Amino acid sequence: TDRQLFKEKLHFMFVRPFKLYFSTSLREQWMRNMVEEGKKKHILTDEDANTILSQLKEKYIQRYLISLVVHLMTLPLTQIVSFIVAAVYYKKTGDEIGAGGILVLFQIIPVSPGSIARGSYAVGIAIYDRSFKNYNIAVFLSFFKYIGYLGFPIQMTNHYPAIARFMASHWATEAVHIVPVFGERGALLEHWVFCLFYNWPLTIRRRMARRAELRTAKPSRYWQVVPIALLAGAVFASIDWFYANTQETLPTMKNIWYAILLIPILCGAAVTLFGRGTVLWKRFISATIAGLLTGGLYSTASYFIAKHFEVGLEPLKTWPFRLFFFAVFACIGAIITELKMPDPGLKNKAKL
């Protein structure tokens with residue numbers, strides 16, 4: 001109803017990000033404004049503020065600021081896609097509840113069109129700069145909804161700890177302002193979110209660094225990828241064989257969603273557990289390859305099973321989705337395993 005406010009919001013969402021992307025001076029002013037706001041909120045000391053302002057001209061600061069702008073540009077993407085999908089579904093079926101369910105589903109799924117776009121950008125810029133190390137945290141966090149916006153602030157931790165502390169605090173606390181706590185901003189909730197998305201990742205990073213140091217004394221191992229993929233493929237083939245024998249059709253992804261979710265995750269976990277001295281990013285790549293091999297083996301086995309029982313091949317049309325989901329879930333399984341593995345330092349102390 002307020003036209004001026006409506007215009008300002010549209011400008012903020014669609015015009016301002018493009019200006020920030022192409023203008024270095026605007027990006028620097030954007031950062032200065034955030035620093036001033038941080039000082040007013042007492043989440044930034046004068047010393048840290050001066051350190052941040054002195055680093056604004058450095059290469060990777062500009063890279064990270066541009067990346068933050070790109071993340072902002074993807075904000076409306078999920079909403080636009082969800083609205084289009086819901087509108088098309090409603091036009092074809094007339095189902096208002098189903099269309100509403102689609103809109104809700106896009107808000108709660110962990111990976112959305114916007115997060116996929118952010119993740120793809122993070123991968124692309126890492127390839128462009130030929131530096132996975134400088135983007136390794138952002139590459140993985142960016143693929144997840146909501147927490148993906150914290151990927152680049154947390155990534156700054158290695159080289160720019162003052163900026164990292166501030167950006168993680170700023171973005172995390174801003175994100176929870178939508179949750180009212182007795183009409184106030186809810187400092188305890190903000191503090192919990194800050195600990196979750198800043199302190200906890202740093203604890204994990206220190207744990208991984210100690211684990212990586214211990215792994216340097218061991219040889220790398222990759223051959224486990226093939227037998228693990230063969231075993232996972234055999235499990236899926238057994239499921240198809242049983243299903244075709246009893247139901248006279250191949251199972252769809254909807255019929256065996258639990259297996260499609262669980263088996264690739266276990267597959268990725270097994271790959272990293274047997275990786276011995278393999279470095280972290282190669283473990284994730286190995287897990288992804290194992291997921292792709294599993295998807296390929298499963299699709300091939302399904303084809304021969306369908307021929308044997310003379311059932312329809314319709315479910316096999318989803319083989320590209322099998323490859324995609326298996327690769328993603330296998331990588332997630334490896335990530336979860338690495339996050340959950342105990343601190344080697346605490347383990348050694350327990351032995352003493």
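Because only heavy atoms are used, hydrogens play no part in the values below, and waters and symmetry mates are left out as well, while side chains stay in. If you're wondering where the values come from, they're calculated on a predicted model, not measured in any experiment.
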Do [X] and [Y] share a hydrophobic cluster (ILVMFWY, side-chain heavy atoms under 4.5 Å, transitive)?
X: Val85; Y: Val104; answer: no
X: Val226; Y: Ile289; answer: no
X: Leu323; Y: Phe329; answer: no
X: Phe324; Y: Phe321; answer: yes
X: Val88; Y: Tyr90; answer: no

Other residues, nucleotides, ligands: >12 heavy atoms within 6.0 Å of [X] [atom1]:
X: Glu248; atom1: CD; answer: no
X: Phe309; atom1: CZ; answer: yes
X: Ile97; atom1: CD1; answer: no
X: Tyr303; atom1: OH; answer: no

[X] [atom1] to [Y] [atom2] distance, which is reported to the nearest 0.5 Å:
X: Lys282; Y: Leu280; atom1: NZ; atom2: CG; value: 12.0 Å
X: Phe6; Y: Lys9; atom1: CZ; atom2: NZ; value: 12.0 Å
X: Arg32; Y: Ser25; atom1: CZ; atom2: OG; value: 9.0 Å
X: Ser120; Y: Ile125; atom1: OG; atom2: CD1; value: 13.0 Å
X: Leu297; Y: Phe236; atom1: CG; atom2: CZ; value: 11.0 Å
X: Asp46; Y: Thr51; atom1: CG; atom2: OG1; value: 10.5 Å

I would like to know whether Val328 and Phe143 meet side-chain contact (heavy atoms from CB on, under 4.5 Å); could you show each step before the answer?
CA-CA 10 Å; Val328 170; Phe143 279 102; over 6 Å; no
Are any of the side-chain heavy atoms of Gln79 and Leu103 separated by less than 4.5 Å?
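When only atoms from C-beta onward are counted, Leu103 and Gln79 do not touch, as no gap falls below 4.5 Å.
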Any side-chain heavy atom of Trp30 within less than 4.5 Å of one from Met34?
yes
Within the side chain of [X], is there an N or O that forms a donor-acceptor pair under 3.5 Å with the backbone of [Y]?
X: Thr216; Y: Glu213; result: yes
X: Arg322; Y: Thr294; result: no
X: Arg211; Y: Pro342; result: yes

Shortest non-hydrogen contact from [X] toward [Y]:
X: Ser302; Y: Leu250; result: O-CD1, 3.8 Å
X: Ile102; Y: Ser82; result: CG2-O, 4.2 Å
X: Ala330; Y: Ala287; result: CB-O, 3.2 Å
X: Ile305; Y: Trp241; result: CD1-N, 3.9 Å
X: Thr74; Y: Ala117; result: CG2-CB, 4.2 Å
X: Thr78; Y: Phe106; result: CG2-O, 3.9 Å

Quick one: are the ring centres of Trp319 and Tyr298 less than 6.0 Å apart?
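Between Trp319 and Tyr298, the centre distance exceeds or equals 6.0 Å.
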Please determine, by modelled atom types, if Glu37 and Asn33 share a side-chain donor-acceptor pair under 3.5 angstrom.
no
Evaluation steps, side-chain contact (heavy atoms from CB on, under 4.5 Å), between Phe326 and Leu292
CA-CA 6 Å; Phe326 285 14; Leu292 289 171; over 6 Å; no
Would you list the atom pairs, donor with acceptor, under 3.5 Å between side chains in residues 257-279 and any protein atom, with sequence neighbours excluded?
from, atom 1, to, atom 2, distance (Å)
Thr272, OG1, Arg283, NH1, 3.2
Thr272, OG1, Glu338, OE2, 2.5
Thr278, OG1, Arg221, N, 3.0
Thr278, OG1, Arg221, O, 3.1
Thr278, OG1, Gly275, O, 2.7

